Amino acid sequence: MTTDLTTLLDDVLRRNAGEPEFHQAAREVFDSLGPVIARNPRYAEAAVLERLCEPERQIIFRVPWTDDAGRVQINRGFRVEFNSALGPFKGGLRFHPTVTLGTVKFLGFEQIFKNALTGLPIGGGKGGSDFDPKGKSDAEVMRFCQSFMTELYRHLGEYTDVPAGDIGVGGREIGYLFGQYKRITNRYESGVLTGKGIGWGGSLVRTEATGFGAVVFADRMLSTRGRSFDGARVLVSGSGNVAIYAIQKVQQLGGTVVACSDSSGVVYDRDGLDLDLLREIKEQRRGRLSDYADARGTASDYRAGGDIWALAAETTIDVAIPCATQNELGGDAARTLASNGVAAVVEGANMPCTPEAVKVLTAAGVLFAPGKAANAGGVATSALEMQQNASRDAWSFDYAESRLAEIMVGIHDRCAETADEYGAPGDYVLGANIAGFTRVADAMIAMGVI
Ligand code: NDP
Ligand code: 2IT
């Protein structure tokens, strides 16, 4: 990193004290940008990076709601509208007890570059709450979502800010949020939220998009080394939206996913996971992986509190796809994967690999795809949902999936070509950061100092 960039990063860290995840995301981007700023002094002259690191608007609000026992509960709501140079703020909402402003800022910052990489007209933002949907009744979730939207609606709009799901926010929550927005504004403004139900403005393939897209990206990346998913053995961490559809696409491409996880444990099915059963338990019953293992009997080995990546030392693994949460794959796990012949690690989640893990993997020659490139299929398909809403149209599954695949291959190739152009072939982190940054930076410069 140049001295100028180091000074600038120090300033960002100082101005955003106590936000370690945001620091981590910013540092990774700064680490990549030296060469592009050296080649284009106008980026420094226009203070593009300083502006990029300062969200356009940050909203923090109280969310009061009443639980089923009649007690008043208070949560905190966030929306960080980070950058709208390329389009309306776009990014998911996360409901999880660990959510802080720093979490939302890291996710919003990543989202700027991710959305730019899709080539679609979407800016970057993120939101959420420290509300924990686990163990809550549908009625409690509804009351929480209604209260959350009663405050947030004034900041949203199909041309302003368009949220979607993330951890803890799926079709049920988007339905309640959309209903309250519609009620308050008296507008059927379909394009104000994405991830809607298929019968009322949603897009086919949005549910599958992040997991499918990550595997399409991985497949393209493996092909650069003459490999594929056919016959591959794969680990997918998590067992939520992204994990489930990553598993499905790996299976469709002829691979076997032998394990997945949740925050309580790991299931290891040496001959491959039963996806129908997994979906029934997670999507229909909102159950735990321990329930899956109970239903699967001897075909499944459940390890409470286990570490999914340690399985690479026990059985052959070709590809690892972390799809749970940030910093879930650290240096030790990376060493286990690298020393046991894993060919590729592909981030389905946002920033699941620690900086040390990324260093270990790349030093060992393991292909590594950063989340902002590999998991962009979700938000890209959200933009396709907005496109369908704007034209009052509904595409077929096959057409939407073909658009997704085309976008993912495009992102892969843009990252790979950018890495080549900057003398770092195979460095997808550098390629993603520079390609995403350039698109946003050029738009910001064109629009003047705003
Ligand atoms: P879900 O809520 O559907 O699933 C999250 C999964 O990750 C669950 O299995 C959950 O287990 C597990 N998990 C969450 N936190 C932890 C933790 N601290 N330790 C271990 N496991 C954990 O979320 P998504 O699948 O939508 O999101 C997963 C990741 O993908 C996130 O990083 C998200 O930001 C990212 N992402 C999501 C997109 C989307 O379209 N949904 C798009 C792009 C990225 P448990 O049930 O026990 O909590
Ligand atoms: O991290 C992400 O890209 C998402 N959670 C999806 C965002 C979206 O607007 O579809």
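All values below were derived from every heavy atom in this structure, side-chain atoms included, with hydrogens, water molecules and symmetry-related copies excluded. Since this is a predicted model, take the numbers as computed values, not measurements. Sequential numbering from 1 along the given sequence is applied to the chain's residues. Whatever order the structure lists ligands and atoms in, that order sets their numbers, starting from 1.
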Quick one: do Tyr188 and Phe178 satisfy ring-ring contact (aromatic ring centres under 6.0 Å, His included)? Show the steps, please. CA-CA 9 Å; Tyr188 205 110; Phe178 184 76; 5.3 Å; yes

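Taking a heavy-atom cut-off of under 4.0 Å, ligand 2 is surrounded by Lys90, Gly91, Gly92, Gln111, Lys114, Lys126, Ala164, Gly165, Asp166, Arg206, Asn350, Gly378, Val379, Ser382.
Using a cutoff of 4.0 Å between basic side-chain nitrogens and carboxylate oxygens, Asp276 and Arg279 are not scored as salt-bridged. With respect to Arg220 and Asp413, a salt bridge is recorded, a charged nitrogen being found less than 4.0 Å from a carboxylate O. The pair Glu314-Arg303 meets the salt-bridge criterion, since a charged nitrogen lies less than 4.0 angstrom from a carboxylate oxygen.
Using a 4.0 Å threshold on non-hydrogen atoms, atom 35 (C) of ligand 1 counts as touching the protein.
Taking any N or O of Ser263, backbone or side chain, at least one lies under 3.5 Å from an N or O belonging to ligand 1. Checking only distances, Gly168 does come within under 3.5 Å of ligand 1, N or O to N or O. For ligand 1, the polar-atom distance check against Ser264 finds no nitrogen or oxygen pair separated by under 3.5 Å. Ligand 1 has an N or O atom lying under 3.5 Å from an N or O atom of Lys134, backbone or side chain. Considering backbone and side-chain atoms alike, Gly238 places every N or O at 3.5 Å or more from each N or O of ligand 1. In terms of N/O distances under 3.5 Å, ligand 1 is approached by Asn350.
Neither the backbone nor the side chain of Ser237 comes within 4.0 Å of ligand 1, counting heavy atoms alone. Under 4.0 Å from ligand 1, heavy atoms of Asn375 appear from its side chain as well as its backbone.
Ring geometry, Tyr428 versus His412: the interplanar angle falls from 30° to 60°, so the pair is classed tilted. Note: Phe22 and Phe82 have tilted aromatic rings, judged against thresholds of 30 and 60 degrees for the angle between ring planes.
Using a 4.0 angstrom heavy-atom cutoff, Gln326 does not count as in contact with ligand 1. Heavy atoms of Met351 stay at 4.0 angstrom or farther from ligand 1.
Between the side chains of Ser264 and Arg288, at least one donor N or O sits under 3.5 Å from an acceptor N or O.
Counting the atoms of ligand 1 from 1 in the order shown, those under 4.0 Å from a heavy atom of Cys323 are 28 (C), 29 (C). For ligand 1, the atoms lying closer than 4.0 Å to a non-hydrogen atom of Gly348 are 30 (O), 44 (C). Taking every heavy atom of Asn241 and a limit of under 4.0 angstrom, the matching atoms of ligand 1 come to 3 (O), 25 (O), 26 (O), 41 (N). Shown in contact with Arg94 at under 4.0 Å from a heavy atom are these atoms of ligand 1, numbered in order with element: 31 (C), 32 (O), 33 (C), 34 (O). Those atoms of ligand 1 that come under 4.0 Å of a heavy atom in Arg206, given as number and element, are 40 (O).
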Per-pair distances, 0.1 Å, donor-acceptor, side chain in residues 343-350, under 3.5 Å, sequence neighbours excluded:
{"unit_1": "Glu347", "atom_1": "OE1", "unit_2": "Gly371", "atom_2": "N", "d": "2.8"}
{"unit_1": "Glu347", "atom_1": "OE2", "unit_2": "Cys353", "atom_2": "N", "d": "3.0"}
{"unit_1": "Asn350", "atom_1": "OD1", "unit_2": "Lys114", "atom_2": "NZ", "d": "3.0"}
{"unit_1": "Asn350", "atom_1": "OD1", "unit_2": "Asn375", "atom_2": "ND2", "d": "3.1"}

